[in-house]
Amino acid sequence: MLELAGIIILGILAQWVAWKFKIPAILPLILIGLLVGPLATLFTEDHSKLIQPIWDGTKGLFPGESLFYFVSLAISIILFEGGLTLRKSEILNVGSVIINLITVAVVITFFGAGIAAHFIFDLSWPISFLFSSLIIVTGPTVITPILRNIPLKKDISAVLKWEGILIDPIGALVAVLVFEFIRAGGGEEFTFTALIEFGKIVLFGFTFGFTFAHALAFAIKKNVIPHYLLNVVTLASVLAVFVLSDAFAHESGLLSVVIMGMVLGNVNLPNLEEILYFKESLSVLLISILFILLSANINIQDLELIYNWKAVLLFVSVVFLVRPLGVFLSSIKSGLKTNEKLFISWVGPRGIVAAGIASLFGLKLQKEGVAGSEYITPLVFMIVLGTVLLNATTARFFAKVVGVFLTKSEGILIIGASKFSRLIAVYLKNNNRHVVLVDSNRDNIKKAKNLGIEAIEGSIYSDQLQNNVELSDIGYLMALTGNSNINKYSINKFKSQFGENGSFRLITTEEMNDPENNPQEGLFSHTDDYYRLIELVEKYPGISEIKIENKEHYSTIIELTKDEDIIPLFIKNTNKSIRIISSYSEEIKEIEEGSYLAYLGKPIDVEVID
């Protein structure tokens, strides 16, 4: 009981440390696992581990095959949660690159890392290629916290995020085929059987994932499932799909749950954010337990096998030769620039799937006496720990070195998706700004998406926005809801992360009636609150522009905008950049000739200006 409680306590402590120091949680988790596992044998009196997942095969916390059953089920939940976060709109510009990364790059990694392992460690070809198949995957649980702390273009974040999630079941599939090849002894008979098994995995994986996703979505939309059971029924469904798919085609379960998550994440499902939030919390707990268990299960003798220069040479070959080669060949004729390809090449940390399956296959082959199989688990963990440590400590610096680090984030996050917010968003998007609307009202979000605006349904009181890697290029925050408390809360919570260039909110009715207390973060006008703006939008549902000939001309225009039916919004400079007009500043200095004033309301009479 003490060991089980200790794993959970240490796991959550590691998650807190990772949050505090902005590093992937896998790093402290693996270190804790090694400390209470193999390294503990160096200082305990009886040379035993403090946590012993498996001991003599039939003893320990998870005797026999139970550890690997738990690992498989936990990974299925983690991958389903990852699939829920995938959105079709994210890959409009980089879809071909992602497809190549999970096909072309997989082949390059498989053969490149396999050849390196064979010649560096003198392993047999089957064991070498089992190792290479296990490190095909990049870990979404590792990539997300790394990207979360680096302001990048949306396309780069989308490529790494999608690759990390989609490649997991592919890597697992390849590893299973190589594993079965080793156990069967190879030969033509196996090759034919492998092709049949591959077809079954793809067929049942897609069929079960697609079918059960739509069945669950239908049940949720028709209120067949009571609200208080929604999350646990979804969890049970994921486990059922994983187990059922695996029963029909061995190792097809991972593909099924990823497909199930992707479908549910893109069918406009009610309560999706609630389900995602529950699965995210569950994934944090499972990841915490898994990495400590798997690290603790390694023996000190396994670590001694790779305590030499050969491990360093293999690591360098995989990270600095094989990974870049796969990325550059996968992105030929893509829209990615050379510096963007370099950054994607640099960020390729391995995660839970590699560690989990390596532990499973390594122990099974050792029991069967396969020569060289004792290298599988320590070599894979060396790649996992090494890539995580490298990327966690250098990704931000490397992003700056190659020039993909956004020194000035120009994206705009708008809290609230009312008609006025949608009008603002359309104007900004048409002027080449990345705009994201956030609202808990599903109808508002749907209307925004119908206009082609990127919109997120969710609550500002959750951590959903702060954990969203696609918002890494956001530098402006505008709170435009009709609730002054929400607007103020949004500014206080998000201004440090999303408002580095400016955080603004609509003034309240009280502030409108008291011009002396006009807030510095006030938007547009100190005489118009949310209700005035909505009223004006109903009368004039469009944003107009008027060219500014010179500063005197601008002063004349501003005089006209004192009309209650005209509200100035933005200044569009000659270089097409947008300046948000603050209610706090009545006069904007350094107006460029040829700029435009964007405003809401009735048309400004040009003849009066002339």
Side-chain angles (χ1 to χ4, degrees), residues 83-95 154-155 157-158 161-162 210 213-214 216-218 220-223 261-276 410-460 462 464-465 468-471 473-474 476-483 486-487 490 498 506 523 530-531 533-545 569-570 578 598 600-601:
L84 282 175
T85 66
L86 299 179
R87 300 289 185 272
K88 293 182 291 184
S89 59
E90 296 171 357
I91 58 169
L92 295 178
N93 299 323
V94 290
K154 182 183 175 183
D155 287 351
S157 298
K161 172 185 169 184
W162 275 74
F210 187 83
H214 281 285
L216 181 60
F218 177 81
I220 294 174
K221 289 179 179 180
K222 296 297 182 181
N223 295 318
M262 288 176 60
V263 173
L264 287 173
N266 289 277
V267 295
N268 194 26
L269 185 68
N271 302 313
L272 175 63
E273 298 305 330
E274 187 176 338
I275 295 173
L276 185 58
E410 294 291 341
I412 301 174
L413 180 66
I414 299 178
I415 309 298
S418 65
K419 187 175 182 179
F420 172 67
S421 298
R422 299 194 297 270
L423 194 65
I424 293 290
V426 169
Y427 174 81
L428 293 172
K429 181 185 176 185
N430 290 340
N431 283 278
N432 301 315
R433 298 295 287 271
H434 177 211
V435 186
V436 181
L437 294 179
V438 179
D439 202 316
S440 58
N441 186 303
R442 185 172 295 111
D443 290 335
N444 284 344
I445 293 297
K446 183 178 180 180
K447 290 175 182 177
K449 290 181 177 180
N450 289 339
L451 293 171
I453 304 169
E454 187 176 342
I456 300 173
E457 181 186 346
S459 170
I460 62 167
S462 74
Q464 175 193 2
L465 295 179
N468 194 321
V469 298
E470 279 77 41
L471 300 180
D473 66 339
I474 297 296
Y476 292 89
L477 175 65
M478 300 170 66
L480 305 180
T481 75
N483 187 315
I486 290 179
N487 290 341
S490 301
F498 301 125
L506 295 177
L523 261 177
Y530 174 82
Y531 303 101
L533 289 166
I534 290 296
E535 180 183 332
L536 201 57
V537 167
E538 294 297 329
K539 290 177 64 176
Y540 305 99
I543 293 177
S544 304
E545 292 181 346
L569 304 175
F570 308 105
I578 303 292
L600 176 68

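- Ring to ring, H214 and F210 are close: their centroids are under 6.0 angstrom apart.
- Separating the CG atom in L506 from the CE atom in M478 is a distance of 8.0 Å, to the nearest 0.5 Å.
- Nearest heavy atoms, L423 versus V537: CD2-CG2, 4.3 Å.
- Heavy-atom minimum distance, A455 versus A448: CB-CB, 4.0 Å.
- For the residue pair L480 and S418, the shortest heavy atom distance occurs at O-OG, 4.4 Å.
- Between L264 and A213, the shortest heavy-atom distance links the atoms CD2-O, 3.3 Å.
- In this structure, OG1 on T481 lies 8.5 Å from CD1 on I415, to the nearest 0.5 angstrom.
- The CD1 atom of I543 sits 7.0 Å away from atom OH of Y427, with the distance rounded to the nearest 0.5 Å.
- The NE2 atom of H434 lies 15.0 Å from the OH atom of Y476; values are rounded to the nearest 0.5 Å.
- In this structure, A425 and V435 approach most closely via the heavy-atom pair CB-CG1, 3.8 Å.
- Within the model, atoms NZ of K449 and CD1 of I456 stand 8.5 Å from one another, a figure rounded to the nearest 0.5 Å.
- Side chains of L600 and F420 form a contact here, defined as non-hydrogen atoms less than 4.5 Å apart.
- Shortest non-hydrogen contact noted between G482 and Y531 is O-OH, 3.5 Å.
- More than 12 non-hydrogen atoms from other residues, nucleotides or ligands lie less than 6.0 angstrom from NZ of K419.
- Rounded to the nearest 0.5 Å, atoms CG (N444) and CG (L437) are 9.0 Å apart.
- Contact annotation: the side chain of K447 never approaches that of I453 to less than 4.5 Å [non-hydrogen atoms, C-beta and beyond].
- A 4.5 Å side-chain heavy-atom check between E454 and K429 finds every atom pair outside the cut-off.
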